Colleague: 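Have a look at this one before I ask anything.
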There are 2 protein chains.
Amino acid sequence: MLHVAEAARVSVATVSALINGTATVSPELSARIEQAIRDIGYKRNAIARSLKMGTTRTIGLTVPHITNPFFTDVVSVIQQAFDRAGYAVMLCCTDEDLNTQDDQIKLLLDRMVDGLIVARVGDGALLKGIVEDANVPVVLLDRICEGVDTDAVVLDNQRAVFDAITYLINLGHRRIGYITGTSDITPMHDRMTGYREALQAAGLPVSEELVRSGNFHEIDGYNATMQLLSLHERPSAIFSANNPMVIGTMKAIRDIGLSCPEDISVACFDDFPWSDVFQPQLTTVAQPVQAIGEQAANLLLDRLAGNRDAPPRKLVLKGRLMIRNSCRPLGTVAQSLSA
Amino acid sequence: MLHVAEAARVSVATVSALINGTATVSPELSARIEQAIRDIGYKRNAIARSLKMGTTRTIGLTVPHITNPFFTDVVSVIQQAFDRAGYAVMLCCTDEDLNTQDDQIKLLLDRMVDGLIVARVGDGALLKGIVEDANVPVVLLDRICEGVDTDAVVLDNQRAVFDAITYLINLGHRRIGYITGTSDITPMHDRMTGYREALQAAGLPVSEELVRSGNFHEIDGYNATMQLLSLHERPSAIFSANNPMVIGTMKAIRDIGLSCPEDISVACFDDFPWSDVFQPQLTTVAQPVQAIGEQAANLLLDRLAGNRDAPPRKLVLKGRLMIRNSCRPLGTVAQSLSA
DNA sequence: TGACAGGATCGAAACGTTTAGATTAGCGTT
DNA sequence: AACGCTAATCTAAACGTTTCGATCCTGTCA
């Protein structure tokens, strides 16, 4: 900018005034300055501007795994929303690791992001500190934190799983295997609650041997399924509470020589774009990814627009059971239901 | 930092020296400073540091669509690599739009990213300017630019498609539909060349009616497939040169009442994690995503480490044909091959 | 004609760092 | 006792903006 000012024979203050439109500058100086800008190829340095203004027009976004299609979609929506609003987004993947998450959030804060959208991992102790220090607005995505009072958009996980399990029960399934992620995050906890409640509501026992947990990866789903399938009395259906893990479930079923839905029914949380075109067409609980992403972006943009003091808002969206053909009715349906 | 300095009764220079280890500071001052840092909860402002140092330890990454599984995976790998190296990554999705891409790259440069990884869109005129102005190192990903002389990592697209089409031909297919993306980017161009050459090598005609192009989205694949399937003499196999479009292809096949591979064989570019577990198990050309991401990251990290003057390096990796069960041999194989 | 309002322009401080160079203190040599 | 050397510390400028308040000019009005 100094060079521009010199070339146009004006002060830097005038250049700044013209660029930002913060004061009127005469036509002739404007012309000179604009010419100089073109000649020099000047571009305003956003870092210097950020330092002075105290705002970076950048937000931080952390998710556990970007390869999980649910997060992929949400990230995509959020990215677009902030792009439209003229914000850049720094993306971090925490790989479901608490320390990684802490490091990344610190890194983002060091870089003076204006806001944070976090699909958190672990117990959120650091997050609590951040929110309370209240330097930047943060919105929680998908997963909320007990002690942390801030904006959030989540799914009614309990209800969604309740409905899915109830659907399986109505098909005649009595032994329903359940594969969960680590239970220290709310969605996994709530989904598990939905599972238990559905069984209880149907008067069925909750057998611990039917519940397995893994760390969200395909391999974990594979191992969990292997265990379920080698039970003395194996389940007739399996519900996987997480999207990548269900791939592992399907591989395990294949490797053990069974087929779905003939030998075993499968349903899972989170939809895939290809669910209704490959066989078996998976019955899933679809999250409204578009809405989730947009709402999260809107909540944060609203705070960034200056609405800092409004009380925390918590949006709870509804999942939708997408019934396809990966779950089959058991022969005993009629009797079981009438029993 | 000023506050820390005051609290510890030292100068800011000493605080800086201690934090960065750029000079020795006596044990007693160190203790006082560290205490003050803890008391105040001081965190270094990365923006101010960036301004002074001229480096942000942030890189920009632009891809056309993050929801394309190929890019999802590559982004994930790149993100991890830079995370390990202490860099943040700003992610932009250009949505296959040239103007969007230009805007985003400008935005990234304004923010003084230290480097750029670009899976480009369009003819790359702006990119050429950027690379030539040589302020920041850029590595091209997946797609190269004619006039732009910079680091790049790409696939041998031509060979990969040549092999895939040859495979179909060996199965006995003679009319092979081909669905491409817009041909202004190198991979699409090269893949198309591979298609033509494979046909020519087998002495088959290249019929323009069998070639359809779309804009990379599922719906484009759907429409293109619909057109191919309504041809007077419809193809016995379809190859989709892009990953999301093949979903559209499968939907079109389903909607028209055909099935794969019984009525029509399908293969495509880019692998899916679930390819070998759902039916039909798609035959695909798998790109080495892990290697691509790592190589791209390494090329850029090497430049960032100071190796600015080395000549541009272009890495060409090989695809791998993953043969599954979505392509069936035609009855006429024996005769055709011996003919 | 002189005072003054108002618009255009400018000078300089500030944002929070890093760092070159100056200063100081301590200590062994001669 | 004077000297020089080294290590520790400090002062102040610089990075590229924004912005407050000051200055300058022009024209209007009494």
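We name chains A, B, ... by the order of the sequence lines, and we start the count at 1 in each one. No hydrogens, no waters, no symmetry mates; every other heavy atom, side chains included, goes into these values. What you see is a predicted model; the values in this text were computed from it and never measured.
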Colleague: Measure CD/E28(B) against C1'/dA7(D) and give the value in whole Å, please.
Modeller: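 So the CD-C1' distance, E28(B) to dA7(D), works out to 14 Å.
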Colleague: Would you mind telling me which of dT19(D), dT17(D), dC10(D) lies closest to the side-chain atoms of V10(B)?
Modeller: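 Selected nucleotide: dC10(D).
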Colleague: Side chains of D97(B) and Q101(B): closer than 4.5 Å at any heavy-atom pair?
Modeller: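 No, too far: nothing below the 4.5 Å cut-off.
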Colleague: Tell me whether E96(A) is salt-bridged to R143(A), with the criterion being a basic N under 4.0 Å from an acidic carboxylate O.
Modeller: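 Yes, charged N to carboxylate O under 4.0 Å.
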Colleague: Using the closest heavy atom to pick a nucleotide of DNA chain C for each, name whichever of R44(B) or R9(A) lands nearer the 5' end.
Modeller: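 Closest to the 5' end, via its nearest nucleotide, is R9(A).
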Colleague: Quick check for you: among dA8(D), dT18(C), dT19(D), whose closest atom lies nearest to any side-chain atom of M1(B)?
Modeller: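 Per side-chain heavy atoms of M1(B), the pick is dT18(C).
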Colleague: Rounded to the nearest Å, what distance is computed from the CE atom of residue M112(A) to the P atom of nucleotide dT17(C)?
Modeller: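 After rounding, the reported distance stands at 10 Å.
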Colleague: When the nearest nucleotide of DNA chain D is assigned to L51(B) and to A23(B) on a heavy-atom basis, which residue is associated with the more 5' position?
Modeller: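 Counting from the 5' end, the first nearest nucleotide belongs to A23(B).
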Colleague: Given dT18(D), is OP1 or OP2 found less than 4.0 Å from the side-chain N or O atoms of T22(A)?
Modeller: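 So the side-chain polar atoms of T22(A) never come under 4.0 Å of the phosphate oxygens OP1 or OP2 of dT18(D).
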Colleague: Please state how far atom CG in L18(B) lies from atom P in dT9(D), giving the value in whole angstrom units.
Modeller: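 Answer to the nearest Å: 10 Å.
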Colleague: Select base, sugar-phosphate, or nothing to describe what S16(A) touches, counting heavy atoms under 4.0 Å on all strands.
Modeller: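 Base, at least one base atom sits under 4.0 Å.
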Colleague: Mind checking L29(B) for me? I need base, sugar-phosphate or nothing, with any heavy atom below 4.0 Å counting as a touch.
Modeller: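 The residue L29(B) makes sugar-phosphate contact but no base contact.
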Colleague: Under 4.0 Å between a side-chain N or O of R49(A) and OP1 or OP2 of dT18(D)?
Modeller: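 For dT18(D), OP1/OP2 do have a side-chain N/O of R49(A) under 4.0 Å.
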Colleague: Choosing from dT17(C), dG16(D), dA8(C), which nucleotide comes nearest the side chain of A48(A)?
Modeller: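 Nearest to the side chain of A48(A) among the choices is dG16(D).
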Colleague: Can you tell me how far P of dC10(D) sits from CZ of R32(B), to the nearest Å?
Modeller: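 To the nearest whole Å, that distance equals 8 Å.
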Colleague: When the distance from CD of E6(B) to P of dT11(D) is rounded to whole Å, what number comes out?
Modeller: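 Atom-to-atom, E6(B) to dT11(D), this comes out as 12 Å.
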Colleague: Among the candidates dC10(D), dT17(D), dT18(C), find the nucleotide nearest to the side-chain atoms of A13(B).
Modeller: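 Of the options given, the side chain of A13(B) lies nearest dC10(D).
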Colleague: Would you mind telling me which residue lines up with the more 5' stretch of DNA chain D, I19(A) or T14(B), judged by nearest nucleotide?
Modeller: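 Of the two residues, T14(B) wins.
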Colleague: Should the pair K128(B)-D149(B) be classified as a salt bridge under the 4.0 Å nitrogen-to-oxygen rule?
Modeller: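 Between D149(B) and K128(B) there is no salt bridge, as every charged N stays at least 4.0 Å from the carboxylate O atoms.
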Colleague: Answer yes if the side chains of R303(A) and N298(A) hold a donor-acceptor pair under 3.5 Å, and no otherwise.
Modeller: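 Per modelled atom types, R303(A) and N298(A) side chains form no pair under 3.5 Å.
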Colleague: Assess the side chains of D83(A) and Q104(B): does a donor N or O sit below 3.5 Å from an acceptor N or O?
Modeller: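 A pair is found: one side chain offers a donor N or O, the other an acceptor, under 3.5 Å apart.
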Colleague: Could you tell me the separation between the CG atom of N20(B) and the C1' atom of dT18(C), rounded to a whole number of Å?
Modeller: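 My rounded result for the distance is 8 Å.
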Colleague: Could you tell me the separation between the NE2 atom of H3(A) and the P atom of dT17(D), rounded to a whole number of Å?
Modeller: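 Taking NE2 of H3(A) and P of dT17(D), I get 10 Å after rounding.
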Colleague: Which whole-number value in Å describes the distance from L2(A) CG to dT17(D) P?
Modeller: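 Rounded to the whole Å, the gap is 9 Å.
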Colleague: Measure from the side-chain heavy atoms of Y42(B) and tell me the nearest of dA14(C), dT19(C), dT17(C).
Modeller: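 Between dA14(C), dT19(C), dT17(C), the one nearest the side chain of Y42(B) would be dT17(C).
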